[in-house]
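Naming convention: chains lettered A, B, ... in sequence-line order (proteins, then strands); numbering from 1 in each chain. Every heavy atom of this structure was used, including side-chain atoms; hydrogens, water molecules and symmetry mates were not.
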2 protein chains.
Amino acid sequence: MRELSIVADIALNHAPRRRRAPAPEPIIQRLPLYLSCLQELLAAGKTHISSDDLGARVGICGALARSDLSHFGAFGVRGLGYEIDCLVSALEQVLGVNRKWDVVLVGAGELGCALALSAWFQDSAFRLSAIFDCDPRQTGRQVGDLTVALTSDAPGWVREHDVKVAILAFCSCDAQAVADLLIGAGIRIILNYTSRVLQVPPEVRVTQFNPVAALQEMVCHLGNGSTQPSAR
Amino acid sequence: MRELSIVADIALNHAPRRRRAPAPEPIIQRLPLYLSCLQELLAAGKTHISSDDLGARVGICGALARSDLSHFGAFGVRGLGYEIDCLVSALEQVLGVNRKWDVVLVGAGELGCALALSAWFQDSAFRLSAIFDCDPRQTGRQVGDLTVALTSDAPGWVREHDVKVAILAFCSCDAQAVADLLIGAGIRIILNYTSRVLQVPPEVRVTQFNPVAALQEMVCHLGNGSTQPSAR
DNA sequence: GTTTGTGAACGCATTCACAGCT
DNA sequence: AGCTGTGAATGCGTTCACAAAC
């Protein structure tokens with residue numbers, strides 16, 4: 001009777017083992033990168049990849065890629081590397097994206113619509129299931145195959161359909177209030193396009209998705225570096 | 001003759017000192033969060049804030065906030081906390097956002113337009129200075145006060161105007177090729193809305209801004225946690 | 001009494017190096 | 001020969017705890 005890892009026995013059929021620890025945050029942050037690269041490689045017809053190659057593609061060293069993957073089981077073959085489609089399945093399972101997740105989108109402005117109509121969520125694990133806006137004049141409008149409803153109806157919908165994931169894509173005004181209501185209704189994951197930094201209880205996860213903040217962080221390295229930001 | 005920190009002598013007028021080390025990455029990642037909160041507090045009329053309070057707002061402990069800020073100088077007053085507007089100025093300077101940065105936007109689809117028309121960049125350090133699209137039928141269209149040009153013209157523009165910052169907001173197809181051309185023309189910072197994971201030389205910074213990847217990462221904590229993703 | 005600035009302690013992620021498998 | 005899996009070592013960020021300042 002051997003120990004079994006939660007994931008890999010299903011993804012592969014040969015014996016994976018080891019660590020079932022909750023998986024460190026930094027590793028989890030890299031999994032989507034791996035997955036994205038691998039899906040691309042798969043689409044390009046590649047079948048195997050080495051840890052060094054994979055690492056290079058996501059900007060880390062090979063040893064780290066190996067170490068990361070080994071947290072979830074032994075997916076590689078010594079001398080050959082990793083079989084890509086196995087790895088894709090395994091990562092999808094680890095991430096929990098081998099099922100569908102309903103998502104509510106709050107904000108039907110330019111950005112909200114761009115998201116709703118984008119190709120991003122096609123073929124992803126995430127299905128936009130409702131769209132809301134606080135402006136009553138937007139109510140009833142069609143965006144793709146969704147109909148805009150009032151933001152005040154969002155908590156009810158979330159509760160009724162047991163939705164766990166929300167995207168906030170409206171102008172920042174009362175983002176915290178909206179978030180609080182959604183969390184109260186059962187939302188556990190928030191993708192926040194608002195410039196407001198949200199305070200949430202520990203069981204809720206937020207990702208700040210503000211382009212200006214992202215640019216600020218990167219510009220910092222430039223500004224204090226070699227390039228003197230003298231003029232312009 | 002005392003040592004002087006690069007930044008703080010200008011931001012404040014009393015003696016800041018200590019570390020002029022290049023500032024660890026994790027700290028820099030938090031600076032935009034601090035800044036955002038502080039600007040909000042400032043707008044709300046508050047003048048002072050303690051490290052504990054500031055920490056709570058960005059989801060970290062007070063000691064860490066203190067430690068972070070002290071890397072750039074001594075901005076606080078013991079017993080009182082930090083004077084918000086001083087801190088805002090100092091952070092803006094550290095981040096390098098007390099000047100204007102020209103930005104080129106590649107992609108004039110739903111998303112590109114949403115970005116161009118959004119309020120995000122108003123009053124920020126970033127000015128969208130040109131917008132490009134690979135579809136010739138888009139050429140000449142007005143988006144806000146910008147006129148869409150061909151993506152193939154982007155490298156020339158970047159070189160000519162010495163632009164360092166680019167935003168990629170088109171459907172993923174040949175994101176890497178576009179990125180390579182822009183980098184060749186002098187781009188050092190890329191905000192990548194594409195689902196393609198970009199490979200760039202070490203002097204270039206990329207932030208992946210793909211909502212699906214962000215959701216995947218967060219869902220992971222849910223899926224393997226207490227909530228069994230059994231049904232639906 | 002309150003709150004900062006900071007050295008010391010701790011814990012954790014990454015890298016290294018190599019044994020082991022193909 | 002090539003590449004994975006992994007323990008050991010390293011380096012680094014965070015937390016702790018307290019002296020100094022207001």
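For A/Asp53, the side-chain hydrogen bond (donor to acceptor under 3.5 Å, both in side chains) partners are A/Arg57, not counting sequence neighbours. Remark: B/Leu42 engages B/Ile84, B/Asp85, B/Val88 in a side-chain contact (heavy atoms from CB on, under 4.5 Å) (not counting sequence neighbours). Applying the ring pair (Phe, Tyr, Trp, His ring centres under 6.0 Å) criterion to B/Phe121, with sequence neighbours excluded, gives no partner residue. Not counting sequence neighbours, the partners of A/Pro201 by the side-chain contact (heavy atoms from CB on, under 4.5 Å) test are A/Ile183, A/Glu203, A/Val204. Shown here are the salt bridge (charged side-chain N to carboxylate O under 4.0 Å, His left out) partners of B/Glu40, two or more places apart in sequence or in another chain: A/Arg196. Taking the side-chain hydrogen bond (donor to acceptor under 3.5 Å, both in side chains) definition, one finds that A/Asp180 meets it with A/Gln176, sequence neighbours left out. Listed by chain and residue number, A/Asp68 satisfy the side-chain hydrogen bond (donor to acceptor under 3.5 Å, both in side chains) test with A/Tyr34 (two or more places apart in sequence, or in another chain). Under the side-chain hydrogen bond (donor to acceptor under 3.5 Å, both in side chains) criterion, B/Gln122 pairs with no residue at all, not counting sequence neighbours. Evaluation of the ring pair (Phe, Tyr, Trp, His ring centres under 6.0 Å) rule for A/Tyr193 yields A/Phe209 as partners, not counting sequence neighbours.
Remark: C1' of D/dT4 and CG of A/Leu87 are 13 Å apart, rounded to the nearest angstrom. Distance, B/Phe75 CZ to C/dG5 P: 9 Å, rounded to whole Å. Regarding B/Ile60, its CD1 atom lies at a distance of 8 Å from the P atom of D/dT15, rounded to whole Å. Taking atom CG of B/Asp68 as the reference point, atom C1' of C/dT3 lies 17 Å away to the nearest angstrom. If you take CD of B/Glu83 and C1' of C/dT3, they are 15 Å apart, rounded to a whole angstrom. Spacing between atom NE2 of B/His48 and atom C1' of C/dT3 amounts to 13 Å, rounded to whole angstrom units. In this entry the distance linking CD of B/Gln29 with C1' of D/dC12 reads 14 Å, nearest Å. Computed from coordinates, the B/Phe72 CZ to C/dT4 P distance equals 17 Å when rounded to whole Å.
With C/dT4, C/dG5, D/dT4 as the candidates, the nucleotide lying closest to the side chain of A/Ser51 is D/dT4.
Close to D/dG5, at under 4.0 Å from its OP1 or OP2, lies a side-chain N or O of A/Tyr82.
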A correct 5'-to-3' footprint of nucleotides 8-13 of chain C, with B, S and - meaning base, sugar-phosphate only and no protein heavy atom under 4.0 Å, is -----S
Any protein N or O atoms within reach of nucleotides 20-22 of chain C? Criterion: under 3.5 Å, listing atom names and distances.
residue: C/dG20; atom: N3; partner: A/Arg78; partner atom: NH1; Å: 3.3
residue: C/dT22; atom: O4'; partner: A/Arg78; partner atom: O; Å: 3.1

Write down the protein N/O and nucleotide N/O pairs, taken from nucleotides 16-18 of chain C, whose separation is under 3.5 Å; answer none if there are no such pairs.
residue: C/dA17; atom: N6; partner: A/Arg66; partner atom: NH2; Å: 3.4

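What you find for A/Leu182 and A/Ala154 is that their closest heavy atoms are CD2-CB, 4.0 Å.
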Fill in: Residues A/Lys100, A/Asp102; criterion salt bridge (charged side-chain N to carboxylate O under 4.0 Å, His left out); working and verdict
CA-CA 7 Å; A/Lys100 280 283 178 186; A/Asp102 280 326; over 6 Å; no
